[in-house]
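Take a look at the following structure, please.
Order of the sequence lines fixes the chain letters, A, B, ..., with proteins taken first and strands second; residue numbering starts at 1 for each chain.
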Protein chains: 2
Amino acid sequence: MSENESKRSRRSSGAITLHDVARLAGVSPITASRAINKPEQVSPELLKRVEEAVARTGYVPNRMAGGLASSRSKLIAAVVPSTVISVFNETIEALNNTLFDAGYQLMLGQSAYSADREELLLDSVIGRRPDGIFLTGVMQPGKGRTRLMASGIPVVETWDLTPTPIDMLIGFSHTDIGLAVAKYLLGKGRKQFAIIRAEDERADRRTLAFKAAVTEAGLPDPYVVNVGDQRSIRSGRDAMAKILKHAPRSDAVFCSSDLLALGALTEARSQKIDVPKQIAVMGFGDVPFVADMLPSLTTVRINGGKIGQLAAQYLMDRAEGREVSEPIVNVGFSIIERDTA
Amino acid sequence: MSENESKRSRRSSGAITLHDVARLAGVSPITASRAINKPEQVSPELLKRVEEAVARTGYVPNRMAGGLASSRSKLIAAVVPSTVISVFNETIEALNNTLFDAGYQLMLGQSAYSADREELLLDSVIGRRPDGIFLTGVMQPGKGRTRLMASGIPVVETWDLTPTPIDMLIGFSHTDIGLAVAKYLLGKGRKQFAIIRAEDERADRRTLAFKAAVTEAGLPDPYVVNVGDQRSIRSGRDAMAKILKHAPRSDAVFCSSDLLALGALTEARSQKIDVPKQIAVMGFGDVPFVADMLPSLTTVRINGGKIGQLAAQYLMDRAEGREVSEPIVNVGFSIIERDTA
DNA sequence: ATGAAAGCGCTAACAT
DNA sequence: ATGTTAGCGCTTTCAT
């Protein structure tokens, strides 16, 4: 081993680099780069030599270096409220799969509740210079939104609608859902409504629309129970107990999540209340397992997978300079009629 | 605006860089860098000037450049089988939160089922030069494992035990769980066992140990039903129907996941089979909501949050050159006695 | 089809 | 405490 073959600068990480591969293949680094990234631009013979060198050395290109040089990170960042049995899981999975198949990677950030943390999160996201950012929900005007727009990074907001997205939007109307659910329940002859609702701005809009429709139908105001956690069966049970106690003549409950609805169902069963005869229950989200429970849950289905897949596509299109012909998409929703309503 | 103030090279991305901040603050770039990253090494007055320049420009450091220069990406990669209501969600959330609080970010990769995709995934992970890699499960010997070891990146394997981890390990024994569940059920006087099991190597080991314990107790072999998906209520229902039909004298069912157990419970209820009187049901995972269902599920609890939190800590310790005193940790498990067994 | 030069934006190493 | 220099490993640009 000659000295200048083995010597590496003190700063080097010591890993195999493109230069090593190139030397082994007897070509210049740039040719090796082309052989790896744009094989069609290189003669078959050279291609083979480079491929062999890659295989022999176990070379894995350093994407930080590549990203820095090309200003293309091949990274997409997603900001989600939570990853624990949430209605967003399907979306994340679809997003991740679609990205991976196209050679992109996913960075996951959990959106914070405090404004301070929110800004920290955004900066840490922007700092990676992702080629695109996926947001759950639409971002309210403020520092964060401004910062995001200033960054110039393609952004897709999801799971909601607004006439003024930061950039692209793939969502649906929570107001329409509230209206549709009310109409559905009204159509079933229900007359005394109750609502179980977690602190959540989007759930609020569903609830408000629901209420408005009920009022318009000339029926009494729904009895509303607020709970803390969207994803707690326990909260749903407790809320249902409250309803049964304080508004015993209720004949329909609209819950702001499937898990809350499952809790309501559980409580009803424990009190031997017949669902749906005595009281109808509806959820929101259609998480994978509520279809096969007994009774199966009537709920609002959102095609979360489609949102994720489409968002990935949009973000990559933008990143690669393609036009996105329809930057605002309403994917809608559907009411899935099952046993409980 | 003088010419050389506004001119940027053709390659520049046009974004604000450290140089811009430094010039505005009237210091050299390296001083600006220090003010931002090691504020204690800089005089208060300079610090203030730099902070102002950062605020005024909206500068967000480019972590790709920083990572390249320092060989420290502040990125941790996690490889998980799935993100949809899986038992790993709690772990991912804890991992992500712990990392974020320390200024790290999470890259999420979904492990592939084919060996080809697996290798692609590993390369795409290694290509980012993360400071650490989180793996769900232990990696079987093979190309991927070798590649991972060769990369020199700290790795933590989880959710399982092996005497020969790649690097660090935070898990528990699936064999012990099978044994413990059998013992528990035996202790309750159960004598005719059935198993509902998804294709999953770790579930297999729980099952095998369970079987062995039953055999050792001199009882007949459990009736085993194989299903495709660990996370399907439907599969659990179908499997339970099979058990009720072909092994009607079964008095206890051990399911390889809580969701399967929920399905089994549902089917039992629909056939008016009394749980646990006639047949006991146990799950695995203790996903958040099975505690509050009716009947509440007796299951095996894994402290997924602790695994995630500890894994994050270990990975960061390693990345920052600290010693990890106990690189192999058995976090154990507990059987949570509830209604169904 | 291949290569040389330059530089992406930052920080380690070595001054002062 | 602050600055200078020289890269990190790659790709763009411009030649040939």
Response to the item:
Winner on side-chain proximity to A/Arg34, out of D/dT2, C/dG3, C/dC8, is C/dG3
Worksheet item: Reckon B/Thr31 has a side-chain N or O less than 4.0 Å from the OP1 or OP2 of D/dG3?
Response: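 B/Thr31 to D/dG3 OP1/OP2: side-chain N or O found under 4.0 Å.
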Discussion item. What residues from residues 53-64 of chain A pass a heavy-atom cutoff of under 4.0 Å to DNA chain C?
Written reply: none
Practice prompt. Specify the separation, in whole Å, of atom NE2 of A/His19 and atom P of C/dA5.
Written response: 12 Å
Worksheet item: Can you name the side-chain contact (heavy atoms from CB on, under 4.5 Å) partners of B/Pro327, sequence neighbours left out?
Response: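 Partners of B/Pro327 by the side-chain contact (heavy atoms from CB on, under 4.5 Å) criterion, ordered by chain and then number, come out as B/Met168, B/Val324.
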Worksheet item: What nucleotide among C/dC10, D/dC10, C/dG3 has an atom nearest to a side-chain atom of A/Ser28?
Response: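 The answer is C/dG3.
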Worksheet, complete the sentence: Rounded to whole Å, CG of A/Asp20 lies from C1' of D/dG9 at a distance of 10 Å
Worksheet item: Atom NZ of A/Lys48 and atom P of C/dA1: how far apart are they, to the nearest Å?
Response: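 Roughly 19 Å, once rounded to whole Å.
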Worksheet item: Under 3.5 Å, is there a donor-acceptor pair linking the side chains of B/Ser82 and B/Gln110?
Response: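 Side chains of B/Ser82 and B/Gln110: no pair found under 3.5 Å.
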Discussion item. Please enumerate all residues that pass ring-ring contact (aromatic ring centres under 6.0 Å, His included) together with B/Phe88, with sequence neighbours excluded.
Written reply: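 B/Phe88 satisfies ring-ring contact (aromatic ring centres under 6.0 Å, His included) with B/Trp159 once adjacent residues are dropped.
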Response to the item:
When rounded to whole Å, the CD1 to C1' distance for the pair A/Ile30 and D/dT13 reads 10 Å
Worksheet item: Quick one, which residues of residues 147-155 of chain A touch DNA chain D with a heavy atom under 4.0 Å?
Response: none
Item to complete: Scan residues 37-44 of chain A against DNA chain D and write down, sorted by residue number, each residue with any heavy atom closer than 4.0 Å; if none is found, say none.
Response: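 Of all residues in residues 37-44 of chain A, the ones placing a heavy atom under 4.0 Å from DNA chain D are A/Asn37, A/Lys38.
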Worksheet item: Taking atom P of D/dG9 as reference, at what distance in whole Å does atom CD1 of A/Ile16 sit?
Response: 11 Å
Practice prompt. Answer yes or no: is there a donor N or O on one side and an acceptor on the other, between the side chain of A/Asn37 and the main chain of A/Ser33, under 3.5 Å?
Written response: yes
Item to complete: Output all residues satisfying side-chain contact (heavy atoms from CB on, under 4.5 Å) with B/Thr164, sequence neighbours left out; order by chain, then residue number.
Response: B/Arg145, B/Thr162
Fill in: With sequence neighbours excluded, residues passing side-chain contact (heavy atoms from CB on, under 4.5 Å) with B/Leu161
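Partners of B/Leu161 under the side-chain contact (heavy atoms from CB on, under 4.5 Å) test: B/Leu169, B/Ser173, B/Asn330.
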Worksheet item: Which nucleotide sits closest to the side chain of B/Leu68: D/dT2, D/dC8, D/dC10?
Response: D/dC8
Discussion item. Does C/dT11 have OP1 or OP2 under 4.0 Å away from a side-chain N or O of B/Ser33?
Written reply: yes
Worksheet entry | salt bridge (charged side-chain N to carboxylate O under 4.0 Å, His left out): pairs with one or both residues in residues 60-75 of chain B, sequence neighbours excluded |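 Listed once each, the pairs are B/Arg72-B/Asp131.
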Worksheet item: Between the side chain of A/Thr91 and the main-chain N/O of A/Ile307, is any donor-acceptor distance below 3.5 Å?
Response: no
Worksheet item: How long is the line joining CD of B/Glu45 and C1' of D/dT2, in whole Å?
Response: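 After rounding, the gap between these two atoms is 13 Å.
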Check: residues 149-158 of chain A side-chain donor-acceptor pairs under 3.5 Å, at least two apart:
unit_1   : atom_1 : unit_2   : atom_2 : d
A/Ser151 : OG     : A/Leu148 : O      : 2.7
A/Ser151 : OG     : A/Ile153 : N      : 3.2
A/Glu157 : OE1    : A/Ile166 : N      : 2.7
A/Glu157 : OE2    : A/Met139 : N      : 2.7
A/Thr158 : OG1    : A/Leu135 : O      : 2.7

Response to the item:
When rounded to whole Å, the NZ to C1' distance for the pair B/Lys74 and C/dT11 reads 14 Å
Worksheet entry | Any residue meeting side-chain contact (heavy atoms from CB on, under 4.5 Å) with B/Ala69, in chain and number order, not counting sequence neighbours |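 For B/Ala69, the residues satisfying side-chain contact (heavy atoms from CB on, under 4.5 Å) (neighbours in sequence not counted) are A/Arg11.
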Worksheet item: Which pairs pass side chain to side chain donor-acceptor pair (under 3.5 Å) with one or both residues in residues 117-128 of chain A, sequence neighbours excluded?
Response: A/Arg117-B/Asp101, A/Asp123-A/Arg147, A/Arg128-B/Gln105
Discussion item. Between the base of C/dG9 and the side chain of A/Arg129, is one N or O donor paired with an acceptor at under 3.5 angstrom?
Written reply: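 No.
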Worksheet item: If you find the nucleotide of DNA chain D closest to A/Gly66 and the one closest to B/Pro29, which residue's nucleotide is nearer the 5' end?
Response: B/Pro29
Worksheet entry | Rounded interatomic separation in angstrom, taking CG from B/Leu18 and P from C/dC8 | 13 Å
Worksheet item: Taking only residues two or more places apart in sequence, or in another chain, which ones meet A/Glu40 in a salt bridge (Lys or Arg N to Asp or Glu O under 4.0 Å)?
Response: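 None.
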